[in-house]
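Remarks on the structure that follows.
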Amino acid sequence: MSGATNAAMGGVEALYQEAIKDYSRADHGHGRLDGAVASVRLDNPLCGDRISLQVRLDAGRIVALGHETKGCLLCRAAASLLGKRAPGLDGQGVAVATAALEAILEQGRPPPGDWPELGMFAPAGAHASRHKCVLLPFRALAQAIGQAEAGSAAIHGANHRE
Amino acid sequence: MSGATNAAMGGVEALYQEAIKDYSRADHGHGRLDGAVASVRLDNPLCGDRISLQVRLDAGRIVALGHETKGCLLCRAAASLLGKRAPGLDGQGVAVATAALEAILEQGRPPPGDWPELGMFAPAGAHASRHKCVLLPFRALAQAIGQAEAGSAAIHGANHRE
Amino acid sequence: MSAAAALRAKFPLLVANPGLHYFDSAATAQMHRSALDAVVAHETGARANVLRGSYRLAEAADRAYEAARQSAARFLNAAADEIVFTGGTTAALNLVAQSFGCLLEPGDRVVISQAEHHSNFVPWQMLRERRGVELALIPVLPDGTLDLASLARVIDDRTRLVAVTQCSNVTGARTDVAAIVAAARRVGARVLLDGAQAVQHGPQDVQALDVDFYAFSGHKCFGPGGVGVLWGRAELLAAMPPFLGGGGMIGAVTEEGYTWAEPPRRFEAGTPPIAQAVGLGAALDWMMGLDWAPIHARESALCAALIDGLRRIPHVRLLGPEPSSARAPIVSFDIAGLHPHDICQVLDAQGLALRGGHHCAQPLLAALGVEACTRASLALYNDEADVAALPAGIVRAIGVLK
Amino acid sequence: MSAAAALRAKFPLLVANPGLHYFDSAATAQMHRSALDAVVAHETGARANVLRGSYRLAEAADRAYEAARQSAARFLNAAADEIVFTGGTTAALNLVAQSFGCLLEPGDRVVISQAEHHSNFVPWQMLRERRGVELALIPVLPDGTLDLASLARVIDDRTRLVAVTQCSNVTGARTDVAAIVAAARRVGARVLLDGAQAVQHGPQDVQALDVDFYAFSGHKCFGPGGVGVLWGRAELLAAMPPFLGGGGMIGAVTEEGYTWAEPPRRFEAGTPPIAQAVGLGAALDWMMGLDWAPIHARESALCAALIDGLRRIPHVRLLGPEPSSARAPIVSFDIAGLHPHDICQVLDAQGLALRGGHHCAQPLLAALGVEACTRASLALYNDEADVAALPAGIVRAIGVLK
Ligand SMILES: Cc1ncc(COP(=O)(O)O)c(C=O)c1O
Ligand SMILES: Cc1ncc(COP(=O)(O)O)c(C=O)c1O
């Protein structure tokens, strides 16, 4: 595609840069996770994006993540990035990454040093209708961790009562 | 009031010409008619104009009409005009007068020779929101005659079946 | 240029009709130029359906619509996701009567007042028919204000909702909202305020008012018609089922059933009045930029002067409370033997635009003992010339009509 | 100047965006200048509340509003007092589901189709919940048209109403209205037609269609948003209770109860969208003055050319019926492995405005076996350049996204 066309296309190729497509294609973490502690299904009703996501935690840290994601490239790339990077994080780590992603999208902030991959979503900042696509997997993961922690709290609670 | 003011007032004095006020004041036919064949109450819900009207018929002709009218000058003048002129008319005569009044209001037609009084409503033609005020007593009378005729038809019918 | 003249200059209809004395802002306020310009700019620059498009025009429409929601939220001191755009106050009140009404049980009580506009009267009568809810009325005193002494009796412990107007559209009487809220809170009832007659007199603070629902119309506050706002507390909206079904208010639809979107979208079925909301946002932004203290002072002074002028005319009976500061700048009156429509007609011939009739408040008029009345309502663009012209016009009208 | 160029010149947004290829008229058609001018003229020249004022401005507002009703009546070949102004198609459909729905009994059947927009789906699901009415669906065939062979089974003798779209907003498939009406009449059922996707292609004749209700939106036929029309046969409207309560829809209100006004006012509670109705009237007047035969021929030819162009692209799966004359000029498609939002985004970057998603028709997409699709819809202002640009744009989009 010529440079002129490229310019005329207003940066849409940056939006769909190779990193996005690579992550989407790689689909890290794809598949249902058996024996998960928590499972979440989340929709973006306006888009039809949909993710089912499971996590297994150990001592508050994610040890495994599985997801099945139907949606746009941005959503799938975000899910795949989490499939690769989430293991090892705790709830706090996920919250920090989500906040960083929101800051990138909404305020054009640079990605934090330990999450350079989030930078690939920067061009989506200009497209408000796409923010939800990118964030959907992060929201699903936060819910799953919340569920897992509530579940383990419930188990603790139950233990207590025994 | 000066002529200039008069002109500035755009003919509103013609709308409220003495004839209208005289009829309204005279309130011909005022009062509830006892022993009426038909009685109708009609509202103009948008204005709050309200008329209760009774008629007695003989051989299809109005022999007496009574009404109680709450409403604007135009409505009261119209009711009073009917109080004076309706006795002697049959349903057809009322329909003809009503059609003539509609033609005066809506198409600016002159009053028919036998109903010169309707001419006093001509200036209301320019005020669409007032047409209903003028017409309300005529509509009530038409309904009352219809009721009376249906009633006498019902009596005839009953006679028939006897 | 006087303050009013400077304001009038921003209202295209008033500019086009310099001789007009417009006294019908309580029915429909004139439209501010910024609102009209915003509508035109939207339709010619960003027209597209909202919420579902990812092309730039649709994103622009979406941004403009959501910015209008933000404006309405700021105008009421509320959160944007508590703002539902409706077709107007009437639509907003019906929404609450249906969606909140669904949560009520036979025997529960809804309290309104005798001073309500039909739009805050009939929806509750319909709810009574539909669900066997009891409807109780706060009576009015002879001056049109609510009988606060009745509150303890009327707002009993079966009461779930108290829905009252912030200001009567006939007498201008301002409701003592704090007294209503206190009585409602004592029994755990929710409070809805019909703000249709308050919003043209400046921004509102639903937190300070401490109510639960607030409804108003765009056309009453210098914005477009066909749009209004329902504000409701997030936890209440979240608990309410949808009212209208259609595009945009769902989570998912299958042949078997449908799930609900989150508020506010749950209550915005179908394509909303987009350009109208954008125009309303512009009107509200303009209002939020005004210095209201002097405007209120001027509106009150004009209202007092008007009352004073009318009082001097024989046979004129004024409705509404004293002193004039107890009311929004609305003055209704009755002239013995003359019908309001005739009065309005002769006033119109003199360039004075007033409305006569029952003003969609028949129960209130019945309580005040009148069939119909003539109403003069003021807004920020009215001035001394308007107020001077009206009593003179009425004297003339009496001359023409008697 | 080509016919399309002459038409485009009347659409301010298109004039302001000469590079734009607008393919989203099925979501919102662009606004004709006459409609916008009518809105501005009304707001600056005749703004007042309707129905209750006797001053000249209010009379002018009233006349303009009722003239718009006349325009809508002529557009549909109906009587003016059968025209109810609503907030849009969705509001109109909910009105019927509630007010006509009130007359139905548990066990009565309402029939819709699998092809309905959520706005003609969810209100009937809500009615099912509310009144225990049975809801039955006319299935679609793989090409998106209704399975007419099912009619005798689905429209059984408990059926009271058949409510279907005149045209699918996804596949463009035109409903065989005569077949539906015949099946409905056989069992004495009423027929409602959702005209949201038909009115942008010219005036309709509800007498010739022989239906009982017809609903459409202003923003779909070059008019303002925030307004729509419900047409219903006089005897049906007369038998229906009101839907919303409020000012204007009553005969009288007392503390004990209220009486209903006659239709159409019975169904127009509160201040209606006056300027919007006036703008819609102007749009309809303009449409009634057009010569539709050549416009239809052009729309069909463009649609056929578009289908042809898209069919040449590998991996593109087209939805909807053959031949293209069996559909309104709407073409939806799916590209294996690519998501509609990404496609639309890259198309937008090339000045092509298309919408991707479920188009508020999830049951239809489920029946057609797709999750989401991309839709190109045409109106009278689209031209050959638009149709030539789209396939090329899609080929590029595939290049960017794969
Ligand atoms: C106090 C009050 N409530 C409700 C309404 C209804 O507002 P709308 O007709 O804009 O729905 C009005 C005005 O007509 C009003 O004055
Ligand atoms: C077939 C059909 N019905 C109903 C609607 C709903 O129309 P509106 O959103 O204007 O209420 C639409 C458009 O969105 C439609 O395409």
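Computation of the quantities below employed the complete heavy-atom set of this structure, encompassing side-chain atoms and omitting hydrogens, waters and symmetry-equivalent molecules. Model, not experiment: these values are computed from the prediction.
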Worksheet item: Is it true that atom CZ of A:Arg109 has more than 12 heavy atoms of other residues, nucleotides or ligands lying nearer than 6.0 Å?
Response: no
Item to complete: Assess whether atom NZ of A:Lys132 is packed by more than 12 heavy atoms of other residues, nucleotides or ligands within 6.0 Å.
Response: no
Discussion item. Please report the interatomic distance NE2(D:His339) to NZ(A:Lys70), rounded to the nearest 0.5 Å.
Written reply: 10.0 Å
Discussion item. Can you tell me how far apart NE2 (D:His341) and CG (A:Asp49) are? Round to the nearest 0.5 Å.
Written reply: 7.0 Å
Worksheet entry | A:Arg130 with D:Asp342: basic N within carboxylate O range, under 4.0 Å | yes
Discussion item. Quick one: does any side-chain atom of A:Lys21 pair with a main-chain N or O of D:Val400 as donor and acceptor, under 3.5 Å?
Written reply: yes
Worksheet item: Under a 4.5 Å cut-off applied to non-hydrogen side-chain atoms, are A:Leu15 and D:Gln345 in contact?
Response: yes
